[in-house]
Amino acid sequence: MSDAAPRDFIRQIIHEDLESGKHGEIVTRFPPEPNGYLHIGHVMSICLNFGVAAETRGRTFLRFDDTNPGKEDEEFVNAIEADVHWLGFDWEERLTHASDYFDALYAAAEQLIEKGLAYVDSLSADEIREYRGTLTEPGRNSPYRDRSVEDNLDLFRRMRAGEFADGEHVLRAKIDMASPNMNLRDPALYRIRHVSHQHTGDAWPIYPMYDFAHTMSDAFEAITHSLCTLEFEDHRPLYNWFLDVLEPEHRPRQIEFSRLNLAYTITSKRKLSALIDEGIVTGWDDPRMPTIAGMRRRGYPAAALRDFVARAGVTKKDKLIEMGMLENSVREVLGDPSPRRMAVLKPLKVVLTNYPEGQVEHMTAMNHPNNPDMGTRDVPFSRELWIEQDDFMEEAPRKFFRLKPGGEVRLRSAYIIRCDEVIKDAAGNVVELHCSYDPETKSGMPQSDRKVKGTIHWVSAEHAVDAEVRLYDRLFNEANPNAAEDYHSVLNPNSLEVVTAKLEPALAELPAGEAVQFERLGYFFPDSRDDAPDARVFNRIVTLRDSWAKLEKQALQGQS
RNA sequence: UGGGGCGUAGCCAAGCGGUAAGGCAACGGGUUUUGAUCCCGUGAUUCGCAGGUUCGAAUCCUGCCGCCCCAGCCA
């Protein structure tokens with residue numbers, strides 16, 4: 001285990017700490033506040049914390065940082081547990097809450113008071129802000145800063161007893177109001193909040209602040225490496241101050257790494273819930289959401305998410321990672337195991353004029369062209385078929401090797417057909433194609449290897465199963481929507497397109513929870529909420545790579 | 001203008017004084033009954049910039065520039 005090369009600076013530190021004997025065992029924690037759903041950014045933290053411990057046979061706690069009742073909710077704790085499990089990690093018996101330590105935290109606060117390192121301040125929130133100074137000017141001491149230990153103890157105990165109203169007093173650390181680090185200008189330790197807590201009920205009228213609760217919780221759990229994101233970098237001196245003055249048995253070390261930002265998405269909880277409230281998406285698990293719940297419903301495999309963050313790496317540099325990177329991981333893990341099927345998203349009718357009316361053949365199609373072990377299936381074939389509208393062009397460029405008037409194309413796993421006649425409606429829209437098939441070219445027959453440039457997918461009209469298919473695209477048109485003043489202005493209005501597709505019959509039997517490749521189109525996944533055996537609903541997980549679409553796009557750009 | 005961080009290819013990222021790994025993307029080519037997959041091949045005379053130290057610098061020093069974070073009784 002220790003001979004494996006460390007892959008990033010945090011693993012290097014951990015490796016050294018193990019080598020030097022500083023720690024016999026690595027203990028980490030993933031500490032979400034249960035005030036929202038976990039998103040792609042959290043995936044990074046989860047994989048890092050659980051990963052680093054697993055690699056060294058250490059342990060990881062799942063700890064709910066529940067020190068701010070009112071914002072937190074049981075719905076979120078359940079969702080978080082489900083998401084972490086789904087991602088593939090297990091905290092075993094190590095499920096804790098910052099609120100589990102409220103008694104110990106309270107005792108530590110009294111110790112601080114007794115040491116003369118904390119005091120009860122009776123300034124209002126506004127006054128405290130004024131006294132704090134600014135980034136360039138030092139703060140001033142509160143007039144209550146020199147209260148005696150006895151007074152402070154008395155006041156704090158009465159705060160705990162519920163004698164004061166919200167906001168009347170606050171317990172502060174006594175550090176340095178002139179520190180250039182704002183976090184050291186007598187940070188608040190406890191505030192009064194007469195609200196019930198989702199885990200401790202009405203037991204407490206006062207609640208500890210993040211810095212205090214987090215540091216001491218880490219110490220109580222004997223966390224060796226407390227891994228967090230860059231914005232906490234200048235909280236580290238405060239983190240260490242608590243450890244220095246309180247001298248707990250265990251001394252955790254905080255190390256910061258950069259957040260993972262995905263291009264074209266937002267992760268701010270406020271904005272994510274606004275998307276839901278405004279009806280732009282349907283909920284936290286909308287398949288367009290960057291939440292774990294959303295990505296799971298979309299059909300992204302957990303392994304793809306793990307692979308993606310592993311490739312992104314752990315560093316201190318701000319990241320804005322391209323979608324293509326995530327999509328690559330998704331395609332890579334879906335490629336081998338997903339069975340292939342045929343489905344037509346935007347149907348165009350084809351009539352094979354020389355094919356006997358009423359005849360049905362059963363074509364044998366491979367479930368995976370690169371893996372014969374996955375077997376074959378029967379696909380019914382008849383005189384009338386559906387093909388993709390995009391697979392026909394009346395006036396096609398020479399590079400278009402699909403169906404065009406007078407041209408030939410192979411129907412996958414079936415015959416080669418020729419387009420003889422284009423049928424249009426009064427408005428001039430193509431509504432139907434009359435084609436003829438070449439009986440000598442049936443898949444598997446001796447003559448079947450006749451070369452034609454293109455192969456397209458199809459579904460027998462008579463046997464087709466209708467299904468709702470949801471085609472998702474990015475939610476935003478701007479690579480960094482976080483930077484936009486108003487995210488509404490950068491919303492992608494076409495992030496969802498719903499079509500009624502024609503499926504080959506075998507697709508009606510696809511089990512829920514299993515991804516499938518619709519050949520030439522992409523990977524699809526039965527929707528966990530709306531899919532039903534007699535009314536299938538599929539989500540498009542991701543398209544296939546499409547070099548034709550790329551060419552078309554370039555041609556379009558060349559014209560304009 | 002105070003403090004804390006970060007700058008290696010379009011996006012990520014190795015590198016830790018000995019002469020710029022790798023992945024994604026892009027671009028060529030081969031295989032292919034998915035324009036998919038797979039396979040080959042192509043990118044940095046240079047590491048934000050400018051000096052300095054050194055036989056030798058992305059790595060050490062100095063200065064400058066750019067970007068991010070901090071003034072919650074949020075986390």
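Residue numbers start from 1 in every chain, and the chains themselves are labelled A, B, ... in the order their sequence lines are given, proteins ahead of strands. Atom set for the values below is all heavy atoms of this structure, side chains included, hydrogens, waters and symmetry mates excluded.
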- Item | Integer angstrom distance from the P of B:rA58 to that of B:rU19 | 11 Å
- Contact class for A:Gly167 vs. all strands (heavy atom < 4.0 Å): base, sugar-phosphate, or nothing? base
- When the C1' atoms of B:rA9 and B:rC74 are considered, how many whole Å apart are they? 40 Å
- Item | Short side-chain N/O contact from A:Lys317 to OP1 or OP2 of B:rU8, under 4.0 Å | yes
- Walking RNA chain B from its 5' end, the first of A:Asp166 and A:Leu521 to be reached, judged by nearest nucleotide, is A:Leu521
- Looking at A:Thr315, does any N or O in its side chain come under 4.0 Å of the phosphate oxygens OP1/OP2 on B:rA13? yes
- Message: Which residue in the set A:Arg132, A:Arg140, A:Arg145 passes salt bridge (Lys or Arg N to Asp or Glu O under 4.0 Å) when paired with A:Asp186?
- Response: A:Arg145
- Item | Pair A:Phe156 and A:Tyr190, ring centroids less than 6.0 Å apart | yes
- Task: Using the C1' atom as the reference point in each nucleotide, state the distance between B:rU33 and B:rA26 in Å, no decimals.
- Result: 28 Å
- Between B:rC73 and A:Arg132, is there an OP1 or OP2 to side-chain N/O distance shorter than 4.0 Å? yes
- Message: At 4.0 Å (heavy atoms only), tell me whether A:Lys453 reaches a base, stays on the sugar-phosphate, or touches nothing.
- Response: nothing
- Examine A:Arg412 relative to A:Trp458 and say whether NZ or CZ is less than 6.0 Å from the centre of the six-membered ring and inside a 45° cone about the ring axis. no
- Query: Checking all strands, does A:Glu137 fall into the base, sugar-phosphate, or nothing category for heavy-atom contacts under 4.0 angstrom?
  - Reply: nothing
- Message: Over all strands shown, is A:Phe400 touching base, sugar-phosphate only, or nothing at heavy-atom distances under 4.0 angstrom?
- Response: base
- Query: OP1 or OP2 of B:rU33 sitting under 4.0 Å from any side-chain N/O of A:Lys451?
  - Reply: yes
- Is any NZ, NE, NH1 or NH2 atom of the basic residue among A:Arg158 and A:Glu168 found under 4.0 Å from an Asp or Glu carboxylate oxygen of the other? no
- Message: Less than 4.0 angstrom between a side-chain N/O of A:Arg191 and OP1 or OP2 of B:rA75, yes or no?
- Response: yes
- Task: Could you measure between the two P atoms, the one in B:rU62 and the one in B:rU53, and give it in whole Å?
- Result: 15 Å
- Query: If you look at every strand shown and take non-hydrogen atoms under 4.0 Å, does A:His169 touch a base, only sugar-phosphate, or nothing?
  - Reply: nothing
- Query: Using 30° and 60° as the class limits, which term best fits the ring planes of A:Trp284 and A:Tyr37: parallel, tilted or perpendicular?
  - Reply: parallel
- Between the base of B:rG3 and the side chain of A:Asp234, is there a donor-acceptor distance below 3.5 Å? yes
- Quick one: the side chain of A:Arg402 and the base of B:rG35, do they pair up donor-acceptor inside 3.5 Å? yes
- Indicate whether OP1 or OP2 belonging to B:rG15 is found under 4.0 Å from a side-chain N or O atom of A:Gln12. yes
- Are OP1 or OP2 of B:rA75 and a side-chain N or O of A:Lys269 less than 4.0 angstrom apart? no
- Query: Of all the nucleotides listed (B:rA25, B:rC74, B:rA36), which has the minimum atom distance to the side chain of A:Leu544?
  - Reply: B:rA36
- Is the phosphate of B:rA36, meaning OP1 or OP2, less than 4.0 Å from a side-chain N or O of A:Ser547? yes
- Message: Within the 4.0 Å heavy-atom criterion, would you say A:Pro138 contacts the bases, only the backbone, or no part of the nucleic acid?
- Response: nothing
- Assign A:Gly444 to base, sugar-phosphate, or nothing according to its heavy-atom contacts below 4.0 angstrom with the strands shown. base
- Query: Between B:rC61 and B:rU54, how far is it from one C1' atom to the other, in whole Å?
  - Reply: 12 Å
- Scan A:Arg129 against the nucleic acid and name what it touches under 4.0 Å (heavy atoms): base, sugar-phosphate only, or nothing. sugar-phosphate
- Query: Can you tell me how far C1' in B:rG35 sits from the matching atom in B:rC68, rounded to whole Å?
  - Reply: 42 Å
- Classify the nucleic acid contact of A:Phe401 as base, sugar-phosphate or nothing, counting any heavy atom under 4.0 Å across all strands shown. base
- Task: Would you indicate what A:Leu171 reaches in the nucleic acid, counting non-hydrogen atoms under 4.0 angstrom: base, sugar-phosphate, or nothing?
- Result: nothing
- Looking at the side chain of A:Thr455, which of B:rC69, B:rU34, B:rG72 is the nearest nucleotide? B:rU34
- Item | Under 3.5 Å side-chain donor-acceptor pair for A:Gln254 and A:Glu256 | yes
- Within the structure shown, what part of the strands sits under 4.0 Å from A:Asp65 by heavy-atom distance: base, sugar-phosphate, or nothing? sugar-phosphate
- Message: Once hydrogens and angles are ignored, does a donor-acceptor distance under 3.5 Å link the base of B:rU34 to the side chain of A:Arg520?
- Response: no
- Query: Touch check for A:Ala125, heavy atoms < 4.0 angstrom, all strands: base, sugar-phosphate only, or nothing?
  - Reply: base
- Is A:Arg193 near enough to B:rC74 that one of its side-chain N or O atoms lies under 4.0 angstrom from OP1 or OP2? yes
- Query: For RNA chain B, whose closest nucleotide is more 5', that of A:Leu135 or that of A:Glu233?
  - Reply: A:Leu135
- Query: If we take the C1' atom in both B:rU37 and B:rU31, what is their distance in whole Å?
  - Reply: 11 Å
- Query: When you compare B:rG18 with B:rG56, how far apart are their P atoms, in angstrom units rounded to a whole number?
  - Reply: 15 Å
- N/O donor-acceptor pair, side chain A:Glu322 with base B:rG10, under 3.5 angstrom: yes
- Message: So which atom in A:Trp241 and which in A:Leu117 form the shortest heavy-atom distance, rounded to 0.1 Å?
- Response: CH2-O, 3.7 Å
- Message: Check whether A:Tyr207 forms a cation-pi arrangement with A:Arg193 (NZ or CZ under 6.0 Å from the six-membered ring centre, at most 45° off the ring normal).
- Response: no
